[in-house]
Amino acid sequence: MGISKRRPWGSTDVKQLGLIASILSLGYVFWIVGAMEMIERLAYYGVRAVCGLYAKSPISQGGLGITPTQFGTILMVWSGFQGTIPIFVGGLADRYGYKLMIGVSTCIKICAYLIMAALHSYYGFMLGAICLATGTAIFKPGIQGTLAKATNRSNSSMAWGIFYQTVNIGGFLGPLLAGLMRKMDWKFVFIACACIIACNFLLLLTYKEPGKEERLAALAERKAQGNAQKSLAAETWHELWRPELISFLAIFTGFYFMFNSLFDVLPLHLDDWVDTRDIVNSVSRVVDMQNKVVSFVCILDKTGTRIQPEGLLNVNSGMIMLFCFFFAWLSSKMKILRSIALGTALASLALCFIGMANTGWLALVSVAVFSVGEMLSSPKFSEYVGSHLAPADKKAMYLGLGQMSFAIGSTIEGIVGPSLYDHFASKDRLARQLLQNEHGWSAENIAAVPQGEAFHKLVEVTGQNADALTKSLYHANSVGDIWYIMAAVGFLTAALILGYGAWASKRQRRAAEGKTETSSAEERSAT
């Protein structure tokens with residue numbers, strides 16, 4: 001097997017094709033993997049968008065009845081498995097085929113959703129989360145490796161943006177499904193997701209792996225020559241420690257720490273503190289919010305007066321689904337690292353907005369600004385790793401290694417984010433403190449109140465209106481501080497990305513100067 005040609009890191013971005021030309025240049029395999037990712041995301045976000053609500057919901061209401069800190073432990077393990085496994089299986093996808101890995105992952109994910117439905121307990125959900133993380137981790141390198149091989153430098157920016165937009169159709173529909181199913185019973189959320197992910201087997205029948213012939217030919221040549229295949233672990237380890245790769249992944253860890261707080265902590269914050277009736281009342285002047293279709297799309301609660309947390313969060317997927325192609329075109333006009341830094345800064349600014357007030361409209365605007373930042377940054381990360389850094393025969397390996405940023409950032413956030421929320425912003429915990437400090441309840445009496453029901457008990461004791469009591473608790477405590485902490489990490493990451501770009505430029509210039517000197521020396525030697 002020949003030595004893989006490595007593109008000089010930091011090389012000048014290739015001029016991108018226009019919007020229409022980029023779309024027309026994408027082959028059918030691009031749309032097949034986009035559809036498979038869309039289905040996978042529909043099922044995944046059907047669970048991920050509401051799992052925090054399921055976790056903290058009292059047992060009497062069908063939830064797990066656990067604290068945000070306990071939920072954070074689940075998220076830590078979940079993210080750890082989902083982010084770490086691709087580091088090892090990305091190379092397997094390159095060697096043994098993307099189609100095989102996609103099929104295996106689909107089987108594992110079906111089992112994961114069924115475990116969540118069948119085992120209604122802390123450890124049962126933990127087991128289901130581990131299986132789901134494992135299946136997702138095996139799935140991603142095959143899908144993203146296919147995409148990297150099915151595109152080129154002239155259409156990669158638009159391709160990754162359109163791909164990100166396509167899969168967010170699934171990300172948008174998933175919470176809609178979950179919002180409907182959980183009104184009936186939580187287990188129906190998980191059963192529905194198992195049925196949805198099984199549809200990927202139909203698409204897999206039409207999937208043709210790009211580069212399969214070359215892979216098999218290289219394998220046959222290696223066997224004919226009697227060359228032993230390199231150790232996959234050693235090869236992966238060697239590639240990981242390329243300075244340009246490991247530095248970029250280390251910096252982007254901060255992005256995923258900040259990014260995942262929107263999905264792990266924001267639903268808890270929205271459920272506890274944000275009153276969305278201002279949105280419903282305003283929109284009702286233009287649209288009939290009681291219409292069944294409108295109620296379903298907006299994910300209204302059973303009373304039809306408030307938007308459920310997953311409804312507000314779904315603004316994120318909805319915007320990406322509708323506008324990502326535009327922001328992909330916009331970001332193609334920028335240097336790739338500048339686009340990533342700008343997007344990270346905008347997403348961080350959005351988290352600051354969330355911490356400022358608890359009105360429904362501000363929360364909606366915050367999610368919208370975050371979504372713009374995400375569209376400018378997240379697809380570009382995959383594009384940069386898969387199209388700019390990875391050699392042609394190691395696309396899945398590099399995209400798998402790219403999951404290190406997700407693994408570290410999301411795992412740390414999984415335990416830190418919910419724990420910070422639990423200690424400083426959890427309505428249930430603050431209600432327990434008030435029962436003890438102002439109403440003289442003993443520790444034993446407070447402990448006897450089931451998890452998730454302390455605020456309802458406080459309403460009974462004080463005789464106050466639940467909304468008025470919520471406002472009182474909100475203004476008496478520093479509920480928004482957690483969002484400023486998350487935002488600070490994001491702003492620091494954006495600054496480091498710009499610094500990385502400057503370091504990259506110097507490294508590129510030195511490499512170019514070194515090549516020029518070497519070439520001149522060879523010419524003098526030849527004469």
Side-chain angles (χ1 to χ4, degrees), residues 50-75 122 261 264-278 301-303 305-310 312 351-363 366 415-487:
V50 299
C51 62
L53 305 174
Y54 172 64
K56 82 180 191 72
S57 181
I59 294 176
S60 60
Q61 297 178 16
L64 294 180
I66 61 177
T67 67
T69 299
Q70 291 173 309
F71 174 58
T73 302
I74 294 177
L75 289 178
Y122 176 83
S261 66
D264 295 343
V265 183
L266 185 59
L268 310 181
H269 177 86
L270 296 174
D271 191 51
D272 280 347
W273 304 113
V274 177
D275 187 351
T276 55
R277 286 178 299 180
D278 58 340
D301 65 4
K302 291 181 180 179
T303 68
T305 59
R306 301 175 191 259
I307 300 174
Q308 294 178 178
E310 61 268 35
L312 269 187
L351 299 187
C352 291
F353 291 160
I354 293 172
M356 290 178 181
N358 65 334
T359 64
W361 276 113
L362 184 59
S366 301
I415 191 64
V416 172
S419 294
L420 285 174
Y421 185 83
D422 191 12
H423 285 85
F424 299 110
S426 168
K427 184 190 282 190
D428 188 85
R429 183 179 291 274
L430 295 176
R432 291 174 189 272
Q433 291 176 358
L434 205 61
L435 286 170
Q436 182 177 34
N437 298 336
E438 295 193 13
H439 298 279
W441 278 43
S442 67
E444 292 77 14
N445 288 337
I446 293 174
V449 178
Q451 180 62 38
E453 298 186 7
F455 178 75
H456 300 298
K457 185 61 67 176
L458 183 63
V459 171
E460 293 178 11
V461 171
T462 61
Q464 293 187 49
N465 175 274
D467 294 327
L469 191 55
T470 294
K471 290 181 180 179
S472 176
L473 279 174
Y474 181 85
H475 292 296
N477 297 275
S478 300
V479 172
D481 285 357
I482 179 178
W483 297 107
Y484 301 134
I485 295 172
M486 297 296 180

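All figures in this text were calculated on a predicted structure; none of them were measured in a lab.
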- request: Would you check if M356 and L362 make a side-chain contact, meaning some heavy-atom pair closer than 4.5 Å?
  value: yes
- prompt: Is there side-chain contact between T69 and H423, with heavy atoms separated by less than 4.5 Å?
  reply: yes
Ionic contact status for D422 with R432, cut-off 4.0 Å: no
- request: Quick one: pull up CG in L434 and CH2 in W441 and give me the separation to the nearest 0.5 Å.
  value: 11.5 Å
- prompt: Sub-3.5 Å donor-acceptor pair from the side chain of N358 to the main-chain atoms of W273, do we have one?
  reply: yes
message: Within the 4.5 Å heavy-atom criterion, are T462 and L469 side-chain neighbours or not?
response: yes
- request: Give, for atom NE2 of H475 and atom NZ of K471, the distance between the pair rounded to the nearest 0.5 Å.
  value: 7.5 Å
- prompt: Just by distance, with hydrogens left out, do Y421 and D264 show a side-chain donor and acceptor under 3.5 Å apart?
  reply: no
- request: Before giving the answer on side chain to side chain contact (heavy atoms under 4.5 Å, CB included), spell out for F424 and L430 the whole-Å C-alpha distance, their side-chain angles and the decisive distance to 0.1 Å.
  value: CA-CA 8 Å; F424 299 110; L430 295 176; over 6 Å; no
query: What pair of heavy atoms forms the shortest contact from V265 to P418, and how long is it?
result: CG2-N, 4.0 Å
message: With rounding to the nearest 0.5 angstrom, report the CG to CD1 distance, L351 to I485.
response: 11.5 Å
- prompt: Hey, mind stepping through D467 and R277 against side chain to side chain contact (heavy atoms under 4.5 Å, CB included) and telling me if it holds?
  reply: CA-CA 11 Å; D467 294 327; R277 286 178 299 180; 2.9 Å; yes
statement: S478 meets the side-chain contact (heavy atoms from CB on, under 4.5 Å) criterion, sequence neighbours left out, with D481
task: Might you point out which heavy atoms bring Q436 and I446 nearest each other, and give the distance in Å?
output: CB-CD1, 3.3 Å
query: Is it the case that T67 and Q451 place a side-chain donor and acceptor less than 3.5 Å from each other?
result: no
message: What's the separation between atom CG in L420 and atom CE in M486, rounded to the nearest 0.5 Å?
response: 5.5 Å
- prompt: How far apart are the closest heavy atoms of D275 and R306, and which atoms are they?
  reply: OD1-NH1, 3.1 Å
query: Below 4.5 Å, heavy atoms only, C-beta onward: do L458 and H439 meet side chain to side chain?
result: yes
field: Salt bridge flag under 4.0 Å for residues D271 and K427
entry: no
message: Just so I know, are the side chains of T470 and F455 near enough to count as touching, which here means a heavy-atom distance under 4.5 Å?
response: yes
- request: Output all residues satisfying ring pair (Phe, Tyr, Trp, His ring centres under 6.0 Å) with Y54, sequence neighbours left out; order by chain, then residue number.
  value: F125, W186, F190
- prompt: Counting only N and O atoms by type, is there a donor-acceptor contact under 3.5 Å from the side chain of N477 to the main-chain atoms of L473?
  reply: yes
task: Give the minimum heavy-atom separation between D301 and T305, together with the two atoms involved.
output: OD1-N, 3.4 Å
- request: Measure from the side-chain N and O atoms of S419 to the backbone N and O of I415, and report whether any donor-acceptor pair falls under 3.5 Å.
  value: yes
- prompt: Rounded to the nearest 0.5 Å, how far apart are SG of C352 and OH of Y484?
  reply: 7.0 Å
message: Do T359 and V274 make a side-chain contact, defined as non-hydrogen atoms from C-beta onward lying under 4.5 Å apart?
response: no
message: One thing to verify: whether D428 and K56 come together as a salt bridge, which I'm taking to mean a side-chain N less than 4.0 angstrom from a carboxylate O.
response: no
- prompt: Can you find a pair of side-chain heavy atoms, one from F71 and one from L64, that are under 4.5 Å apart?
  reply: no
- request: Indicate yes or no: at least one non-hydrogen side-chain atom of S366 is less than 4.5 angstrom from one of W483.
  value: no
message: If you compare all heavy atoms of P68 against all heavy atoms of L268, which two are closest, and at what distance to 0.1 Å?
response: CB-CD1, 4.2 Å
message: Can you tell me how far apart CG (L270) and CD (E310) are? Round to the nearest 0.5 Å.
response: 9.5 Å
